[in-house]
Number of protein chains: 2
Amino acid sequence: MAMTDHTPPPPGKQMLSEQVYVRLRDAIMRGDYAPGDALKPQELARQQGVSLAVVREALVRVVGEGLADRLPNRGFAVPSFSDRRWQQIAEARRTVEPAVLRMSVERGDVDWEARVRAAHHRLARTPPYPRGESEHYSEAWSEAHRVFHRTLLEGCGNPVLLETFDRMWTAGELARRWSAHRDPGRDGVGEHRRLEEAALARDADAAAELLTRHLTQTAAALTDGAHYDAAKRPE
Amino acid sequence: MAMTDHTPPPPGKQMLSEQVYVRLRDAIMRGDYAPGDALKPQELARQQGVSLAVVREALVRVVGEGLADRLPNRGFAVPSFSDRRWQQIAEARRTVEPAVLRMSVERGDVDWEARVRAAHHRLARTPPYPRGESEHYSEAWSEAHRVFHRTLLEGCGNPVLLETFDRMWTAGELARRWSAHRDPGRDGVGEHRRLEEAALARDADAAAELLTRHLTQTAAALTDGAHYDAAKRPE
DNA sequence: ATAACACGGATAATCGATTATTTGCTCAAT
DNA sequence: ATTGAGCAAATAATCGATTATCCGTGTTAT
């Protein structure tokens, strides 16, 4: 039989609003805008060569994910995360993820095992910093890091829980990027390796405990000695 | 100092897109549309007397909350939840909420205690069914039920976790409304009362355990003997 | 009879322009 | 000097119309 299927989409053939959404989302996550920066529809529309409607749709979606704030009749802006907000996200992850990891370790099939191995391998051989002692993780490492943590949980087989992880991770990454002292340069390599080992050994208790510690230590490293400049919103 | 503040908004004075969004959201949650029904922008715009742009914005937001599906170039539709999907939501709640309740019971202040009491009192004196043996919970009871469960968790003081609860609750309610055999008519009054007692007695272990059982039994009641007609999506 | 193709209506996506709101500024009045 | 009213520019929100895409239907060639 030949290709009764839809043609494998030529990349330029999806909706404009989708492309603009992805670009906007990535730009915010990449840190192209500073917290508090206004996201002006007209400006964005001109830059990207599209109409206001598509930019507006993209902005509404971005707001829905917590990657932008909106004030009625006053426009959109990049959110300014307070230190407090970051701690709340970290606490939420500590509260949710260990339990999900337990389920994942108990349920994951052989395909999941393979993906965990691959994700850890990729993470282990990705240099955390672009060069030398930069204070920013490399984009490649950040992505590998995300994929590793997500893959660990994917064995749970529950898309609702994974979506929860996605939202918390996204919010946490954005908050971390703009937190007081950026990345601490902490070496989590050993922790990741032990996490992988416990997961593949099907030791749910150990894996959950390791993840709790991993999240706690990461949060502590980012919090300790953080000389935060301004907690713009006391919320 | 006089009123340098913005005037407390006269209710008719907010954005159209916001009003349309609320109406659309409520209509879907209320069950005004059946799963699979198309949500046609033109139709909605004509009905509500607004332009396409505002309907479109509302639809995009609704999709972001999982209350509608979108197929590019084919429009929006009310999602058809499978039985499997409902079970996943229920499992996610069992995974997350007991841990949050623990935090809440350990941290909640006196104001939280008062709100828990008020929420339970309201729930206890709201009739579950509009009249007789209807198969649908009354809107009033559903809302009181939601507020009770949310208030129980609010002592945790973590908006990230509460937002997670909100999303799961919303998705669960929509899925339940259209599940195979609707409401089971199960009497959860005693469970709610015991939950309140354990929470106010600051017994975190008991509260978490009671919540786990409550969620498990509710899910079981809705699942047992469910003669589900079609699992539209094998995902 | 069946399958490939072309046409046409319906609807989604996008655009350009209009209306409404906010904000900053000027300037008079205290 | 400070306060407040009153423009004016900037920008958000909304609209009406245009363009692109999908889907059913009818036609034709095998």
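Residue numbers start from 1 in every chain, and the chains themselves are labelled A, B, ... in the order their sequence lines are given, proteins ahead of strands.
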Would you say the side-chain atoms of [X] pair up with the backbone N or O of [Y], donor to acceptor, closer than 3.5 Å?
X        : Y        : answer
A:Ser104 : A:Gly155 : yes
A:Asn158 : B:Gln88  : yes
B:Arg56  : B:Pro41  : no

Roughly how many Å is it from [atom1] in [X] to [atom2] in [N], rounded to a whole number?
X       : N      : atom1 : atom2 : result
A:Gln19 : C:dT14 : CD    : C1'   : 13 Å
A:Leu16 : C:dA12 : CG    : C1'   : 13 Å
B:Leu44 : D:dT14 : CG    : P     : 16 Å
A:Tyr21 : C:dT14 : OH    : P     : 15 Å
A:Phe76 : C:dT22 : CZ    : P     : 15 Å
A:Asp69 : D:dA12 : CG    : C1'   : 16 Å
B:Asn73 : C:dA12 : CG    : P     : 10 Å

*Can a side chain N or O of B:Ser17 be found less than 4.0 Å away from OP1 or OP2 on D:dA13?*
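Checking B:Ser17 against D:dA13: no side-chain N or O falls below 4.0 Å of OP1 or OP2.
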*Contact letters for nucleotides 5-11 of chain C, in which S counts primed atoms plus P, OP1 and OP2 and B counts the base, heavy atoms under 4.0 Å*: ------B
*Scan residues 46-62 of chain A against DNA chain C and write down, sorted by residue number, each residue with any heavy atom closer than 4.0 Å; if none is found, say none.*
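By residue number: A:Val50, A:Ser51, A:Leu52, A:Ala53, A:Val54.
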With [X] via side-chain contact (heavy atoms from CB on, under 4.5 Å) - residues at least two apart:
X        : value
B:Val147 : B:Ala119, B:Arg122, B:Glu143, B:Thr151
B:Arg107 : A:Glu91, B:Met103
A:Gln42  : A:Leu52
B:Ala114 : none

*Looking at A:Arg176 and A:Tyr137, what are the two nearest heavy atoms and their distance?*
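So the minimum-distance heavy-atom pair works out to NH1-CD1, 3.5 Å.
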*Between B:Trp169 and B:His145, what is the ring plane arrangement, given parallel below 30°, perpendicular above 60°, and tilted in between?*
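Rings of B:Trp169 and B:His145: perpendicular, as their planes differ by over 60°.
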